[in-house]
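To find a chain, count down the sequence lines: A is the first, B the second, and so on, and within it residues start at 1.
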There are 2 protein chains.
Amino acid sequence: MDSQELMVRASWLYHVEGLTQAQIGERMNLTRRRINELLAAALEKGVVRVSFNSPLAENAELEARLCRRFGLKDAVVAPTPADLDQMHAVMGRAAAAFLDRFIQARKPRSIGVGWGATLHETVLQMTGANEPEMRIRSLMGGLTRGSEINTFEIVRSFAKVLNAKCHYFAAPIYAGSEEAHDLIMSQPVFQEFLREGSNVELSFLSVGDVTGRSLQIRYGLPPQVDIGRLVAAGAVGDLLGRYLDASGQPVDHPLNRQVISPDIEAYRGIPDRIIASGGPHKHAILLATMRAGLATGLVTDAESARMLLKVGG
Amino acid sequence: MDSQELMVRASWLYHVEGLTQAQIGERMNLTRRRINELLAAALEKGVVRVSFNSPLAENAELEARLCRRFGLKDAVVAPTPADLDQMHAVMGRAAAAFLDRFIQARKPRSIGVGWGATLHETVLQMTGANEPEMRIRSLMGGLTRGSEINTFEIVRSFAKVLNAKCHYFAAPIYAGSEEAHDLIMSQPVFQEFLREGSNVELSFLSVGDVTGRSLQIRYGLPPQVDIGRLVAAGAVGDLLGRYLDASGQPVDHPLNRQVISPDIEAYRGIPDRIIASGGPHKHAILLATMRAGLATGLVTDAESARMLLKVGG
DNA sequence: ACATCGGCGTAACATATGTAACATAGAGAC
DNA sequence: GTCTCTATGTTACATATGTTACGCCGATGT
């Protein structure tokens, strides 16, 4: 086709000279329609192409692919830090920027949060807002043993930075036994809380792994739990204290019958479910949650994103 | 600025994913306005850039620069052929495509043409049209001595390919003497013809050089003319049989007082004045015509274009 | 010679884009 | 504290863009 030359000329005038399609048509004695076609053809045939000159471009690509692959509404991929100790800070910054915009634009009436190092960093990095009518709810009970990062502290921090109402979940994460769990859960106050909890418009959690790096493992579990048996049952990590297998299903283990938090179906009822976690030890549980479609939004690091795209689906 | 990341993300969604700015704003929780700015900034800051993957791109650039530098309305730059013998064919093809579009779109009522190898090739390559009301006029007299390419043949070929009316210029190019010139020019028929000639809406000429390669030099000049004296007078080539110096002014030489064609001022009165010439031996005269602003449109080859841009202005 | 078909121009339209005018809120200066 | 100042959101509008429907014309095949 001779139009190669026309495509190049039209594209040059359009992209470099900044003329309008109508002006180009005038100058080249062609109709605007024709120019429009030529420009589209030039792009399609690769005569002109848009190239990205930023390392961030790859992250943007990963985000788009994550959205497509796992049906996400939102995805944020931050650069994987060379020093993995920075991971929480990186995740925090990325998640904070995302949440700031999300909250600013969508003004959810209520937000449910989990806990962990990532959430701690996130709330530190948030710009915040002034939303006195907004409710921040913990979606999990509190730690009974100490940690420098406590669930109560997290939810309070969120409420403070957003100047919003703060709703603690006045219960332990795990009941001492299955019977105690059923008893606690039957309390009207918890019934309502769990119903309300899963009524939030937005949830923001991280997932936990099953290694000693996990705060949940170190401080959240009842003292007598044998991690080995948890792993043997197929657990690859937890979401809201509930331990999941590689397919994202709760494993058959007493802990899952003692956990006091919205069950998976209730959780799925939350319209926007953001999960923010990064780093290699989170790979298995991230993959599980993605496969099970538990999140509508993901904040993670580039390496994890690549893993998800390579393995998952 | 932290917006680097936002720019990349927005640009990716726009250019690669093909989302609309409004959709991106929705997805990133930003206003459409902001996205618009981000995209513009990304382009400006070079975060994304449009690159051309065609050797023709450089020609398009040369065209744009020629237009700017010399105030042209139209410029066509064809690739310089490796074999310079192909130059006329290349020029012809480029000029033919240009003229086809020009005539098709603008329907000039009358076109004035010169002569030469380039015009010969041009008319051969034209698709043509069917414009019975269009008048093709020769802007120069005819050759008195033979050439395989004759002015009369050129104008007739144009008229034929356009199915238009054909108006020959029934005179020699040069009168035998200055007195004869004045006498001829005073004839009512020529007076009218010259007036009409410069009344054409479009002129299509090539320029001539002052070497033996020029058909004008070989066949057009009266026998006794000494090329050396022409050159000594400063001539670098001719336009419509009028020899010009490096600044585009007619040289002081008897030939210029014998030539029978519209004078420079009359020529300038033509709204669209296309000059088509390429190859190194045309450089000097091309530069002269460009400097003097004699053309509104130029068809040339890449090498010549580069020369004009490097030297001229 | 005639019918058919694809390419292109024309016109009209719905959408998308760029921009201006104004409002608002947060950051920094005094 | 109050101020301005800048950056951004809001709204509205003028342009530009992409797309559709339709008709002309020349090319092609029978």
Side-chain angles (χ1 to χ4, degrees), chain A residues 1-7 9-11 13-45 48 50 96-98 100-107 125-132 134 160-164, chain B residues 1-7 9-11 13-45 48 50 96-107 125-132 134 160-163:
Chain A
M1 187 96 83
D2 131 86
S3 65
Q4 178 85 356
E5 185 192 336
L6 296 181
M7 291 192 314
R9 211 169 340 177
S11 298
L13 294 173
Y14 190 72
H15 295 293
V16 180
E17 301 283 312
L19 300 191
T20 179
Q21 296 183 0
Q23 292 173 313
I24 296 170
E26 211 169 306
R27 188 185 287 206
M28 290 176 58
N29 290 309
L30 292 169
T31 57
R32 187 173 69 76
R33 165 72 198 270
R34 194 95 182 72
I35 301 298
N36 195 296
E37 286 177 341
L38 286 171
L39 291 176
L43 218 48
E44 167 163 14
K45 298 255 185 87
V48 303
V50 296
F98 172 81
D100 272 331
R101 286 202 307 273
F102 189 101
I103 290 166
Q104 166 72 26
R106 312 268 274 273
K107 309 271 190 207
Q125 303 272 0
M126 285 179 68
T127 297
N130 179 27
E131 300 291 343
M134 193 175 287
K160 186 173 177 189
V161 78
L162 294 170
N163 192 28
Chain B
M1 190 92 86
D2 132 85
S3 65
Q4 178 85 356
E5 187 192 336
L6 296 181
M7 292 191 315
R9 208 160 354 164
S11 298
L13 293 172
Y14 189 73
H15 295 293
V16 180
E17 302 280 314
L19 300 190
T20 178
Q21 297 184 359
Q23 292 172 312
I24 297 170
E26 212 169 305
R27 188 184 288 205
M28 291 176 59
N29 290 309
L30 292 169
T31 58
R32 185 172 69 76
R33 165 75 194 270
R34 193 94 183 73
I35 301 297
N36 195 295
E37 287 176 342
L38 286 172
L39 291 175
L43 218 50
E44 167 164 13
K45 297 254 186 86
V48 304
V50 297
F98 172 81
L99 281 180
D100 273 331
R101 285 201 307 274
F102 190 102
I103 291 166
Q104 165 73 25
R106 312 267 274 273
K107 309 272 191 209
Q125 304 271 2
M126 284 179 68
T127 298
N130 179 27
E131 301 291 343
M134 194 175 288
K160 185 173 178 190
V161 77
L162 294 170
N163 192 28

Between [X] ([atom1]) and [N] ([atom2]), how many Å, whole number?
X        : N      : atom1 : atom2 : value
B:Asp100 : D:dG26 : CG    : C1'   : 14 Å
B:Gln21  : C:dT19 : CD    : C1'   : 12 Å
A:Arg106 : D:dG9  : CZ    : P     : 15 Å
B:His15  : C:dT17 : NE2   : P     : 11 Å
B:Glu26  : D:dT10 : CD    : C1'   : 16 Å
A:Leu6   : C:dC8  : CG    : C1'   : 13 Å

Measure the spacing between [atom1] of [X] and [atom2] of [Y] and express it to the nearest 0.5 Å.
X        : Y       : atom1 : atom2 : value
B:Tyr14  : B:Gln23 : OH    : CD    : 11.0 Å
A:Arg34  : A:Ile24 : CZ    : CD1   : 13.5 Å
B:Gln104 : A:Asn29 : CD    : CG    : 9.5 Å
B:Arg106 : B:Leu99 : CZ    : CG    : 11.5 Å
B:Leu38  : B:Leu6  : CG    : CG    : 5.5 Å

Practice task
Provide the closest heavy-atom pair for A:Met134 versus A:Ile103 in the form atom of the first, atom of the second, distance.
Solution key: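 Here A:Met134 and A:Ile103 meet closest at CE-CG2, 3.7 Å.
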Handout entry: First encountered from the 5' end of DNA chain D, between A:Leu39 and B:Glu37
Key =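 Of the two residues, B:Glu37 wins.
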Handout entry: Distance-only donor-acceptor test, B:Arg32 side-chain atoms vs C:dG18 base atoms, 3.5 Å
Key =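 Check passes, donor-acceptor contact within cut-off.
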Could you list the protein-to-nucleotides 9-11 of chain C atom pairs, N/O on both sides, closer than 3.5 Å?
unit_1: C:dG9; atom_1: OP2; unit_2: A:Thr31; atom_2: OG1; d: 3.4

Handout entry: Qualifying residue for side chain to side chain contact (heavy atoms under 4.5 Å, CB included) with B:Arg33, from B:Ile35, B:Leu30, B:Thr31
Key =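 So, applying the side chain to side chain contact (heavy atoms under 4.5 Å, CB included) to B:Arg33 and each of B:Ile35, B:Leu30, B:Thr31, only B:Thr31 qualifies.
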Can you tell me if the side-chain N/O atoms of [X] get under 4.0 Å from OP1 or OP2 in [N]?
X       : N      : result
A:Asn36 : D:dT17 : no
A:Tyr14 : D:dT17 : yes
B:Thr20 : C:dT15 : no

I'd like a table of atom pairs between the protein and nucleotides 23-28 of chain C - only N or O on both sides, under 3.5 Å - with the distance next to each one.
none

Problem - NZ/A:Lys107: more than 12 non-hydrogen atoms of other groups inside 6.0 Å - result: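 Yes, NZ of A:Lys107 has more than 12 neighbouring heavy atoms, counting only those of other groups under 6.0 Å.
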Exercise for the section: Check whether more than 12 heavy atoms from other residues, nucleotides or ligands sit under 6.0 Å from atom CD of B:Glu37, and answer yes or no. Expected result: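 Yes, CD of B:Glu37 has more than 12 neighbouring heavy atoms, counting only those of other groups under 6.0 Å.
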